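Before any comments, here is the structure.
In this text, all values refer to a predicted model and were calculated from it rather than measured experimentally. Letters go in sequence order (proteins before strands), and every chain restarts at 1.
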2 protein chains.
Amino acid sequence: MRNLQHPGREQLDLPAVLYALSDPTRLEIVRRLAADGERACGTFGLSATKATLSHHFKVLREAGLIQTRVEGVHRYNSLRKQDLEARFPGLLKAVLKASGPC
Amino acid sequence: MRNLQHPGREQLDLPAVLYALSDPTRLEIVRRLAADGERACGTFGLSATKATLSHHFKVLREAGLIQTRVEGVHRYNSLRKQDLEARFPGLLKAVLKASGPC
DNA sequence: TCCATTGTTTGACGACAATCGAACAACAGG
DNA sequence: CCTGTTGTTCGATTGTCGTCAAACAATGGA
């Protein structure tokens with residue numbers, strides 16, 4: 001549990017990324033990370049339980065959308081903007097723009 | 001069955017669009033429509049059965065990605081490029097680019 | 001009118017996904 | 001140590017998805 005798995009930049013899979021983004025809760029997480037930068041899991045104020053949110057973060061992490069840094073008792077999540085831009089140019093920006101004003 | 005349902009431009013829903021694109025078979029259909037323009041359902045040479053393909057076309061249609069025109073015994077499908085571009089600027093282009101060379 | 005073609009619908013099946021409560025693990029501070 | 005905090009994992013439930021075969025519908029042509 002100390003070391004979290006993140007796929008490499010070359011392993012990012014487009015269908016998996018699109019699938020991860022197709023859930024409203026996960027899309028909201030990504031929007032906030034894009035707007036506010038790094039955040040701990042518990043600071044999103046979403047209405048799901050801890051277990052459900054942990055599941056969504058896992059889906060996002062395994063799809064390569066976010067990376068999670070462990071520091072003490074917290075997990076700080078951030079968007080993998082550069083990896084995503086390198087692999088899928090313009091995609092993240094288009095999705096964020098399409099998801100409405102921040 | 002004569003008149004097919006297509007959502008209006010304003011009704012296009014981003015999670016639904018991303019979900020529709022997150023299946024490899026459906027993504028391939030979209031890629032070919034983008035490359036070749038209008039095509040009948042049976043001309044894609046995909047390995048799934050008629051029933052499965054019909055299901056995928058329905059998902060794409062109901063998400064607003066394609067429109068289907070009935071002519072005789074054929075259903076001609078085309079990408080709703082302009083509606084998609086109006087609602088989600090840059091998204092389709094980024095997805096197509098990310099999905100590999102045509 | 002009969003038949004072949006094209007695509008949809010139905011019903012079924014197995015696999016997977018979203019959700020939750022409860023138990024667990026790791027850590028920080030007293 | 002003990003305790004509270006933060007987040008993960010487990011087990012179970014409920015629902016959805018992708019897939020297929022079979023039946024059906026609509027059309028055009030022989």
Side-chain angles (χ1 to χ4, degrees), chain A residues 1-7 13-30 32-33 36 38-78, chain B residues 1-7 13-33 36 38-79:
Chain A
M1 203 181 301
R2 206 73 208 6
N3 295 331
L4 295 175
Q5 288 287 59
H6 296 93
D13 178 60
L14 181 60
V17 167
L18 295 175
Y19 180 78
L21 290 170
S22 74
D23 178 273
T25 299
R26 291 194 291 261
L27 186 55
E28 181 63 23
I29 290 171
V30 168
R32 298 208 195 175
L33 289 178
D36 304 348
E38 196 178 53
R39 299 183 67 163
C41 298
T43 68
F44 286 81
L46 297 169
S47 58
T49 66
K50 291 188 306 177
T52 299
L53 288 181
S54 186
H55 163 71
H56 285 313
F57 281 105
K58 184 179 181 184
V59 172
L60 288 169
R61 192 184 313 122
E62 292 181 346
L65 276 158
I66 66 175
Q67 64 192 147
T68 305
R69 178 173 66 81
V70 179
E71 184 176 311
V73 84
H74 296 280
R75 314 290 164 106
Y76 291 100
N77 301 286
S78 55
Chain B
M1 203 181 301
R2 206 71 208 6
N3 294 333
L4 295 176
Q5 287 286 60
H6 296 93
D13 179 61
L14 181 61
V17 166
L18 295 174
Y19 179 78
L21 290 170
S22 74
D23 178 273
T25 300
R26 291 195 291 262
L27 185 56
E28 180 63 23
I29 291 172
V30 167
R31 279 167 50 83
R32 299 209 194 174
L33 289 178
D36 305 347
E38 196 179 54
R39 299 184 66 163
C41 299
T43 67
F44 286 81
L46 298 169
S47 58
T49 65
K50 291 188 304 175
T52 299
L53 289 181
S54 186
H55 163 71
H56 286 313
F57 280 106
K58 184 179 181 183
V59 172
L60 289 169
R61 193 184 312 123
E62 292 181 344
L65 277 158
I66 66 175
Q67 66 193 146
T68 305
R69 178 173 66 84
V70 180
E71 184 177 314
V73 85
H74 296 281
R75 313 288 167 107
Y76 289 100
N77 301 286
S78 55
L79 260 184

On a heavy-atom basis, the closest approach of B:L27 and A:P15 is CD2-CG, 4.4 Å

Are B:Y19 and B:S22 close enough that some pair of their side-chain heavy atoms sits under 4.5 Å apart? yes

Residues pairing under salt bridge (Lys or Arg N to Asp or Glu O under 4.0 Å) where one sits in residues 53-69 of chain B, two or more places apart or in two chains, turn out to be B:E38-B:R69, B:R69-B:E71

Should B:T52 be listed as having a side-chain N or O under 4.0 Å from OP1 or OP2 of D:dC20? yes

Ranking C:dT9, C:dA17, D:dG7 by distance to the side chain of A:Y19, first place goes to C:dA17

Any donor-acceptor pair under 3.5 Å from A:R32 side chain to A:F44 backbone: yes

Roughly, in whole Å, what's the span from OH in B:Y76 to P in C:dG7? 8 Å

Length of the CG-P vector between B:L53 and D:dA21, whole Å: 12 Å

Phosphate OP1/OP2 of D:dC20 contacted by B:T49 side-chain N/O (<4.0 Å): yes

Check DNA chain C against residues 57-69 of chain A and give the residues with a non-hydrogen atom under 4.0 Å, in numerical order. none

State whether A:R75 places a side-chain N or O below 4.0 Å from either non-bridging phosphate oxygen (OP1 or OP2) of C:dA26. no

Taking for each residue the nucleotide of DNA chain D with the nearest heavy atom, is it A:H55 or A:H74 whose nucleotide lies nearer the 5' end? A:H74

In whole Å, I'd like the distance from the CZ atom of B:R26 to the P atom of D:dT19. 8 Å

Atom CG of B:L46 and atom C1' of D:dT19 are separated, to the nearest Å, by 14 Å

Which of the following nucleotides, C:dA26, D:dG7, D:dC20, is nearest to the side chain of A:A40? D:dG7

Rounded to whole Å, please give me the gap between CG in B:L18 and C1' in C:dA17. 17 Å

Any side-chain heavy atom of B:R26 within less than 4.5 Å of one from B:V30? no

Quick check: does any side chain N or O of B:H74 sit under 3.5 Å from a backbone N or O of B:G42, one acting as donor and the other as acceptor? no

Between the two end axes of the helix from C:dT1-D:dA30 to C:dG30-D:dC1, each built from 5 base pairs, what angle do you get to the nearest 10°? 10°

Identify which nucleotide among D:dT8, D:dA23, D:dA21 has an atom closest to any side-chain atom of B:K50, counting heavy atoms from C-beta outward. D:dA23

Contact summary for B:A40 and B:N77, nearest pair of heavy atoms: C-ND2, 4.2 Å

A:H56 has a side chain; which of C:dT19, C:dG7, D:dT8 sits nearest to it? C:dT19

Per B:S54 side chain, nearest of listed nucleotides C:dT19, C:dT8, D:dG18: C:dT8

Between B:R39 (CZ) and C:dT6 (C1'), how many Å, whole number? 16 Å

Report yes if the side chains of B:L21 and A:L14 come closer than 4.5 Å at any heavy-atom pair, otherwise no. no

pair A:L46-A:T52: side-chain heavy atoms closer than 4.5 Å: no

Could you check whether any side-chain N or O of A:R75 sits under 3.5 Å from a backbone N or O of A:T68, counting only pairs where one atom can act as donor and the other as acceptor? no

